[in-house]
Structure formats: C-alpha cells, structure tokens
Asker: 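One structure coming up, written as structure tokens, with questions to follow.
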Amino acid sequence: MKVNFLIVGCGFTGATFAERIATQLNKKVLVVEKRNHIGGNAYDCYNEHGILIHKYGPHIFRTSSPKISSYLTSFCSWRPYFHKVLALVDGSLVPVPFNLNSVNQVFPKNYAAKLEDELIDKIGFNKTITIHKLFESKSPLLQELANYIFEKVYLHYTKKQWGLNPDQLSPSVIGRVPVRVNRDDRYFDDWFQAMPTQGYTVLFEKMLNHPNIHILLNTDYKEIVKESTYDQMIYTGPIDEFFDFCHGPLPYRSLEFEYMTLEEEYVQPVAVINYPNNFEYTRVSEFKHISGQKHSKTTLAYEYPKEYVIGKNIPYYPVLNDETKERFRKYEKEAEKISQKVIFAGRLADYQYYNMAQAVGRALRLFETRIMNG
Ligand code: FAD
Ligand code: UDP
C-alpha cells in the first residue's frame with residue numbers, strides 16, 4: 001500500500017496525528033494497530049451486561065489547556081464530571097488528594113485544628129504541596145503530618161503499584177497526587193474536567209472517520225512495514241522495542257484488571273476507592289459514576305499491579321527514575337539519527353507518564369513543528 005504517512009498505534013497520539021494529516025494536509029495515512037480495536041489504552045466498550053467499561057482502567061479526561069479541550073470538542077460533546085477518590089485509611093474512607101477535610105476526618109478535633117492552622121500559616125490557603133516538599137517543612141507539626149500521610153497514603157500504595165519504594169522512583173510520580181490546603185475533594189484541579197458523552201471509542205471513530213485515513217487492526221507494524229511505501233512514519237509504540245532493545249529494555253509496570261458486575265445500582269460512594277494499605281489490588285473503580293450511565297446493575301474493576309514481561313502483558317506505565325531516564329536518552333539519540341524518516345511520540349515512544357490531554361497536546365505540537373512547518 002502506498003501512503004504519505006504510516007502511523008504505528010491508534011491511541012490518542014496516533015489518532016491525533018492521523019486526523020491532522022488527513023484534514024489539514026489532505027494526505028493519505030495508514031494507521032496500523034496491533035490490538036483488535038482503536039483507542040489505545042483509552043478504549044471503552046459495553047460489557048455483556050450493557051455497562052460502559054474502560055478496558056484498560058478508568059480514564060478521566062482533564063486538561064488546563066483550552067487548545068486541547070477545544071480541539072477534542074470538534075469530535076464529541078462532554079458530560080461535566082469531577083472525579084473523586086477516597087482511600088481506605090485505618091478503616092475509614094478519606095478524600096485523596098489528602099486535604100483539610102481529610103485532616104479533620106482522621107485526627108482528633110483539637111489536633112486537626114492545630115494542623116489546619118499550621119498548614120494555612122506555613123503553606124497558605126488553597127495552595128498545593130507535594131509530600132516531598134511537606135517533608136522539608138521546618139515546622140515539627142507539619143513534619144508529623146507528612147510522616148502520617150506518607151505512611152498511610154503513599155508508601156504501601158507505591159510499593160504495591162510499582163514493586164519499588166518511593167525513593168526508587170522519580171519524585172514526579174507520587175508528586176502527581178499532592179497535598180491540598182483547601183477543602184477541594186476533587187482528584188484533579190484542572191480547569192476542564194469532563195467525559196466524552198458517548199465514550200472514548202465513539203470520539204476516536206469521529207476523529208478517524210475520513211477518506212484519507214485507512215486503519216489496519218490486529219497487525220504489528222513489523223508484519224507490513226517492508227511491503228509498505230510511505231514518506232514518513234509516526235511511531236507511538238515502545239521506543240526500546242523499535243530499536244530491538246539495543247540499549248537494554250526500558251522497564252514498565254503492567255496491570256491486571258478483574259471485572260465484577262453486581263445486581264445493585266451502586267456499590268461505592270464515589271468512582272474510585274484506593275486501598276493503600278490493604279489487599280493485593282490498589283484501587284477499585286465503579287464505571288457508572290464516571291459515565292453517568294443509568295443501569296440497574298453496576299460493574300467494578302479491581303486493579304492488580306503486575307511485573308511487565310515483554311511479549312506477555314501490556315507495558316502500561318514507564319518506571320521513571322534517573323537510571324531509566326538515562327537509558328531512554330540513549331534511545332532518544334538513536335531516534336534523532338532517523339528523525340527525517342520517523343517521528344516518535346506518545347506515552348511509550350517518549351517514555352513519559354503522559355495523561356490523555358498531554359498525549360494529544362504533544363501530537364498537535366509535533367504536527368505543527370515537524371510536519372506542517374518541518
Ligand atoms: P497508547 O494509548 O498506549 O497507544 C499506543 C498504541 O500503540 C496501542 O494501542 C498499542 O497497541 C499500539 N502499538 C504498540 N506497538 C505496536 C506495534 N508494534 N504495532 C502496532 N501497534 C502497536 N490518562 C488520563 O488523561 N486520565 C486518566 O484517568 C488516565 N488513566 C489511566 C489509567 C491507566 C491504568 C493507564 C495505564 C493509563 C491512564 N491514562 C490516563 C493515560 C492514558 O492511557 C495515556 O495518556 C494515553 O493512552 C496515551 O496515548 P498514546 O496514544 O500515547 O498511547
Ligand atoms: N499514589 C499513592 N497513593 C494513592 C494514590 C497515588 O501512593 O492513594 C502514588 C502512587 O505511587 C501512584 C502515583 O501516586 O502510582 C500516581 O498516582 P495516580 O493516581 O496519578 O496514578 P494513575 O492514575 O496514573 O495510576
């Protein structure tokens with residue numbers, strides 16, 4: 001097949017490139033995807049009970065970039081949705097990110113009042129702070145608080161999720177979930193938080209519905225790349241795999257999802273409950289909270305972290321620390337040598353902990369700089 005662009009992977013990164021190239025440049029694109037569906041990890045579908053589930057774990061859309069939200073708004077309408085997460089701490093469900101409500105819930109009244117005053121005095125009302133920064137506080141009260149939150153919320157969850165201690169990971173990983181000096185119980189504080197009304201897969205179908213875009217599912221690009229004629233490739237798979245692991249494999253963390261459907265309308269008070277200190281799973285998600293779907297039954301997903309084994313399971317999360325970043329830079333140098341022919345982008349090709357909006361934003365930027373004006 002002769003096309004202008006061969007795109008490997010049909011997640012948010014690949015789909016954004018395909019849409020831009022087809023509609024803005026009127027050029028032909030072949031998207032090759034090894035799974036049997038479009039959407040990458042954001043793929044959703046109805047299960048046998050008719051409940052909309054996310055096959056690869058709960059995906060909540062949020063961004064603070066008007067450019068990204070308005071780009072996606074061309075392909076879907078949105079249902080406003082503020083994601084809430086509770087963590088089971090010593091038998092009680094407390095809001096995470098840990099905030100003033102969490103402080104008041106877990107500590108005796110007078111002590112909580114002191115902590116609240118100290119947080120507002122030393123950090124400032126409505127500010128957020130990472131747990132690492134809270135540890136650096138000179139206030140003994142805030143150091144005690146940091147110890148408490150670290151032990152009850154981060155330490156055991158992180159060990160379970162990554163199979164590593166927090167100090168073996170880049171601080172940016174647990175820094176994604178800060179401590180908040182306010183009563184905002186939402187998981188995210190982005191300006192735009194919403195879910196595509198008809199789900200992600202319908203959003204992808206709309207993005208990709210163009211005569212210039214041809215999609216080949218169930219196909220590893222290696223099976224077709226030699227027979228394909230294209231000017232440029234956009235590669236969104238794992239970068240180490242592209243270069244045959246010449247600098248050694250980049251570590252990833254994998255997951256296993258166990259789904260359970262119950263004859264009840266709702267089971268949990270919120271979409272996600274985290275289990276930092278108990279059980280083998282890290283969190284349980286109840287999809288109807290996220291989708292807003294009305295149904296007499298409900299489906300839950302239990303998330304079990306797993307070691308990633310190449311070729312056996314899915315590389316979900318890059319394991320970011322100084323050593324892995326250094327190894328990634330070696331692959332980045334390989335990528336630079338072939339940059340005229342191949343653009344690397346996405347969570348796996350950039351080896352970055354992107355959320356969906358960041359993946360879209362990166363693709364939009366690279367389209368402008370490397371393809372339109374390249
Ligand atoms: P992917 O979606 O991974 O797409 C890459 C595609 O390339 C895959 O479909 C893969 O099959 C394909 N591919 C790889 N190699 C080949 C090959 N050799 N040949 C052909 N095809 C290939 N983000 C949020 O914004 N909010 C959330 O709530 C959220 N929750 C998440 C929960 C979990 C459990 C995980 C793992 C991620 C979550 N994310 C969330 C992140 C989100 O999934 C990513 O940001 C997004 O999927 C990145 O898109 P991508 O296109 O770069 O990668
Ligand atoms: N984390 C934690 N306890 C929690 C929630 C998060 O220790 O209750 C840490 C954990 O290391 C996790 C990281 O913060 O991997 C990022 O959390 P996030 O919820 O952003 O993870 P994701 O949704 O990407 O799996």
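What you are looking at is a predicted structure, and each value in this text was computed from that prediction instead of being measured. Atoms within a ligand are numbered from 1 in the order they appear, just like the ligands themselves.
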Asker: Quick test: of every protein heavy atom, which one is nearest to atom 20 (O) of ligand 2, and how far off is it to 0.1 Å?
Answerer: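 Result for atom 20 (O) of ligand 2: Arg176 NE, 2.9 Å.
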Asker: Short list, please: which atoms of ligand 2 are under 4.0 Å from a heavy atom of Tyr353?
Answerer: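 Those of ligand 2 that fall under 4.0 Å from Tyr353 are 16 (C), 21 (O), 22 (P), 24 (O), 25 (O).
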Asker: Could you list the atoms of ligand 2 found under 4.0 angstrom from a heavy atom of Gln161?
Answerer: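 Listed by number with element, the hits are 15 (O).
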Asker: Quick one: nearest non-hydrogen protein atom to atom 3 (N) of ligand 2, plus distance?
Answerer: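 Ranking protein heavy atoms by distance from atom 3 (N) of ligand 2, first comes Val153 O, 2.9 Å.
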Asker: At less than 4.0 angstrom from any non-hydrogen atom of Thr236, what atoms of ligand 1 do you find?
Answerer: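 Close to Thr236: 5 (C), 7 (O).
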Asker: Under 4.0 Å from ligand 1, counting heavy atoms only, is it the side chain of Leu255, its backbone, both or neither?
Answerer: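 The side chain, only.
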Asker: Taking 4.0 angstrom as the limit and counting only heavy atoms of Tyr187, give me the atoms of ligand 2 inside it, by number and element.
Answerer: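 In order of numbering, the contacting atoms are 5 (C), 18 (P), 19 (O).
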Asker: Looking only at protein heavy atoms, which one is nearest to atom 4 (O) of ligand 1, and how far off is it?
Answerer: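 The protein heavy atom lying closest is Gly11 CA, 3.7 Å.
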Asker: Rounded to the nearest 0.5 Å, how far does OH of Tyr308 lie from CG of Leu250?
Answerer: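 Leu250 CG to Tyr308 OH: 10.0 Å, rounded to 0.5 Å.
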Asker: Relative to ligand 2, is Asn274 under 4.0 angstrom through side chain, backbone, both or neither, heavy atoms considered?
Answerer: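 It is the side chain that touches ligand 2; the backbone stays farther off.
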Asker: Counting only heavy atoms, tell me which of Arg35, Lys34, Glu33, Met356 gets closest to atom 9 (O) of ligand 1.
Answerer: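 Heavy atom nearest to atom 9 (O) of ligand 1 belongs to Glu33.
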Asker: The test is salt bridge (Lys or Arg N to Asp or Glu O under 4.0 Å); show your working for Glu336 and Lys333 and say whether it passes.
Answerer: CA-CA 5 Å; Glu336 277 160 22; Lys333 288 213 174 91; over 6 Å; no
Asker: Pull out every atom of ligand 1 sitting under 4.0 Å from any heavy atom of Val32, numbered as shown with elements.
Answerer: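 Ligand 1 atoms under the 4.0 Å threshold to Val32: 20 (C), 21 (N).
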Asker: For Pro238 and ligand 1, does the shortest N/O to N/O distance drop below 3.5 Å?
Answerer: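 Pro238 vs ligand 1: no N/O contact under 3.5 Å.
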Asker: Which residue and atom name correspond to the protein heavy atom nearest atom 47 (O) of ligand 1, and how close is it?
Answerer: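 It is Asn41 CB, 3.8 Å.
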Asker: When the ring planes of Tyr281 and Phe279 are compared, do they come out parallel, tilted or perpendicular, using 30° and 60° as the limits?
Answerer: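 Tyr281 and Phe279: parallel rings.
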Asker: Can you report which non-hydrogen protein atom sits closest to atom 11 (O) of ligand 2, along with the distance?
Answerer: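 Result: Thr158 OG1, 2.9 Å.
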Asker: If you count the atoms of ligand 1 from 1 in the order shown, which ones are under 4.0 Å from a heavy atom of Gly346?
Answerer: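 Selected atoms, number and element: 52 (O).
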Asker: Would you kindly check if the NZ (Lys) or CZ (Arg) of Arg327 is within the cone defined by 45 degrees around the ring axis of Tyr351 and under 6.0 Å from the six-membered ring centre?
Answerer: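 No, Arg327 does not lie over the aromatic ring of Tyr351.
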Asker: When the ring planes of Tyr187 and His83 are compared, do they come out parallel, tilted or perpendicular, using 30° and 60° as the limits?
Answerer: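 Taking His83 first and then Tyr187, their aromatic rings stand perpendicular (interplane angle over 60°).
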Asker: Roughly how far apart are Ile120 CD1 and Leu115 CG, rounded to 0.5 Å?
Answerer: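 It is 11.0 Å, given to the nearest 0.5 Å.
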Asker: Please classify the Val177 to ligand 2 contact at 4.0 Å (heavy-atom distances, strictly less than): side chain, backbone, both or neither.
Answerer: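 For Val177, the contact with ligand 2 is made by the side chain alone.
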Asker: Could you find the nearest protein heavy atom to atom 45 (O) of ligand 1 and give me its residue, atom name and distance?
Answerer: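 Its nearest protein heavy-atom neighbour is Tyr354 O, 2.8 Å.
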Asker: Closest by any non-hydrogen atom to atom 16 (C) of ligand 2: pick that one out of Leu169, Ile174, Val173.
Answerer: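 Nearest heavy atom to atom 16 (C) of ligand 2 lies in Val173.
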Asker: So which heavy atom in the protein is nearest atom 18 (N) of ligand 1, and how far is it from that ligand atom?
Answerer: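 Atom 18 (N) of ligand 1 sits closest to the protein heavy atom Asp220 OD1, 3.1 Å.
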Asker: Is ligand 1 under 4.0 Å from a heavy atom in the side chain of Pro58, in the backbone, in both, or in neither?
Answerer: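 The backbone, only.
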Asker: Using heavy-atom distances only, which candidate in Asn355, Leu348, Ile60, Val225 approaches atom 26 (N) of ligand 1 most closely?
Answerer: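 Closest candidate by heavy-atom distance is Ile60.
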Asker: Has Arg62 got any heavy atom lying under 4.0 angstrom from an atom of ligand 1?
Answerer: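 Checking ligand 1 against Arg62, which is what was asked, there is a heavy-atom contact under 4.0 Å.
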Asker: Looking at Gly237, which atoms of ligand 1 are within less than 4.0 Å of one of its heavy atoms?
Answerer: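 Checking each atom against Gly237, I get 14 (C), 15 (N).
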Asker: Is Arg283 in contact with ligand 2, taking contact as a heavy-atom separation below 4.0 Å?
Answerer: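 Yes; Arg283 lies near enough to ligand 2 that a heavy-atom distance drops under 4.0 Å.
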Asker: Which option out of His59, Arg253, Arg347, Met195 puts a heavy atom nearest to atom 40 (C) of ligand 1?
Answerer: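 Comparing heavy atoms across His59, Arg253, Arg347, Met195, the nearest one to atom 40 (C) of ligand 1 lies in His59.
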Asker: Decide whether Thr128 and Asp189 meet the rule of one side-chain donor and one side-chain acceptor closer than 3.5 Å.
Answerer: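 Not at all, the side chains of Thr128 and Asp189 share no donor-acceptor pair under 3.5 Å.
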Asker: Classify the ring geometry of Tyr43 against His37: parallel below 30°, tilted from 30° to 60°, perpendicular beyond 60°.
Answerer: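 Because their plane-to-plane angle is under 30°, the rings of Tyr43 and His37 count as parallel.
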Asker: Do ligand 1 and Phe12 have nitrogen or oxygen atoms that lie under 3.5 Å from each other?
Answerer: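 Yes, Phe12 has an N/O under 3.5 Å of an N/O on ligand 1.
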Asker: Assign the ring pair Phe12 / Tyr200 to parallel, tilted or perpendicular, where the plane angle (0 to 90°) is split at 30° and 60°.
Answerer: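 Taking Tyr200 first and then Phe12, their aromatic rings stand perpendicular (interplane angle over 60°).
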Asker: Below 4.0 Å from ligand 1: does a non-hydrogen atom of Ile314 turn up there or not?
Answerer: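 No, that is not the case, since the closest heavy atom of the residue is not under 4.0 Å from the ligand.
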Asker: Tell me, do Phe367 and Met372 make a side-chain contact under 4.5 Å, heavy atoms counted?
Answerer: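 Yes. Closest side-chain heavy atoms under 4.5 Å.
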Asker: Please confirm whether the ring centroid of Phe344 lies under 6.0 Å from the ring centroid of Tyr331.
Answerer: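 Phe344 vs Tyr331: aromatic centres not under 6.0 Å.
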Asker: For atom 19 (N) of ligand 1, which protein heavy atom lies nearest, and how many Å away is it?
Answerer: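 Ranking protein heavy atoms by distance from atom 19 (N) of ligand 1, first comes Tyr221 N, 3.2 Å.
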Asker: Do Pro95 and Gln105 have side chains that approach each other closer than 4.5 Å (heavy atoms only, starting at C-beta)?
Answerer: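 A side-chain contact under 4.5 Å exists here.
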Asker: Starting from atom 1 (N) of ligand 2, locate the nearest protein heavy atom and write down its residue, its atom name and how far away it is, to 0.1 Å.
Answerer: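 The protein heavy atom lying closest is Tyr157 CD2, 3.7 Å.
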Asker: Which residue and non-hydrogen atom of the protein lie closest to atom 7 (O) of ligand 1, and at what distance in Å?
Answerer: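 For this ligand atom, the closest protein heavy atom is Gly9 CA, 3.2 Å.
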Asker: Could you check whether Lys337 pairs with Glu334 (Lys NZ or Arg NE/NH1/NH2 to Asp/Glu carboxylate O, under 4.0 Å)?
Answerer: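 Counted as a salt bridge, because a side-chain N and a carboxylate O are separated by less than 4.0 Å.
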Asker: Ring centres of Phe5 and Phe17 under 6.0 Å apart?
Answerer: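 No, ring centres 6.0 Å or more apart.
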Asker: Side chains of Asn99 and Arg186: donor-acceptor distance under 3.5 Å anywhere?
Answerer: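 Result is no, nothing qualifies.
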Asker: Can you check whether Ala87 has an N/O within less than 3.5 Å of an N/O in ligand 2?
Answerer: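 So ligand 2 has no N or O lying under 3.5 Å from an N or O of Ala87.
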Asker: Measure the distance from atom 15 (O) of ligand 2 to every protein heavy atom, then report the residue, atom name and distance (to 0.1 Å) of the closest one.
Answerer: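 Ranked first by proximity to atom 15 (O) of ligand 2 is Trp162 NE1, 2.9 Å.
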Asker: If you measure from each heavy atom of Phe61 to ligand 1, is any distance below 4.0 Å?
Answerer: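 Phe61 does not count as a contact of ligand 1 under the 4.0 Å cut-off.
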Asker: Identify the protein heavy atom lying closest to atom 36 (C) of ligand 1, giving its residue, its atom name and the separation to 0.1 Å.
Answerer: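 The answer is Tyr316 CD2, 3.4 Å.
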Asker: State the atoms of ligand 2, each with its element, that fall below the 4.0 Å cut-off from a heavy-atom position in Tyr317.
Answerer: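 Within the 4.0 Å cut-off of Tyr317, ligand 2 contributes 22 (P), 24 (O), 25 (O).
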Asker: Among all protein heavy atoms, pick the one closest to atom 50 (P) of ligand 1 and tell me residue, atom and distance.
Answerer: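 Nearest protein contact, heavy atoms only, for atom 50 (P) of ligand 1 is Thr13 OG1, 3.3 Å.
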Asker: Arg329 and Glu326: salt bridge (Lys or Arg N to Asp or Glu O under 4.0 Å), yes or no, with the steps?
Answerer: CA-CA 5 Å; Arg329 273 193 281 278; Glu326 188 51 42; 3.2 Å; yes
Asker: Any donor-acceptor pair under 3.5 Å linking the side-chain atoms of Asp190 with those of Ser64?
Answerer: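 A donor-acceptor contact under 3.5 Å links the two side chains.
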Asker: Do the non-hydrogen side-chain atoms of Trp78 and Ser69 ever get within less than 4.5 Å of each other?
Answerer: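 No - every pair of side-chain heavy atoms lies 4.5 Å or more apart.
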Asker: Between Arg370 and Ser339, is any pair of side-chain heavy atoms under 4.5 Å apart?
Answerer: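 With C-beta onward as the side chain, the pair touches.
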Asker: Can you confirm whether the side chains of Glu303 and Tyr316 place a donor and an acceptor under 3.5 Å from each other?
Answerer: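 Glu303 vs Tyr316: no donor-acceptor pair found between side chains.
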Asker: I'd like to know whether ligand 1 has Tyr317 as a neighbour, heavy-atom separation below 4.0 Å.
Answerer: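 In this structure, Tyr317 qualifies as a contact of ligand 1 - some heavy atom is under 4.0 Å.
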Asker: If you count the atoms of ligand 1 from 1 in the order shown, which ones are under 4.0 Å from a heavy atom of Tyr56?
Answerer: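 Ligand 1 atoms under the 4.0 Å threshold to Tyr56: 33 (C), 34 (C).
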Asker: Regarding Lys312 and Glu307, does a basic nitrogen lie under 4.0 Å from an acidic carboxylate oxygen?
Answerer: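 Salt bridge absent between Lys312 and Glu307.
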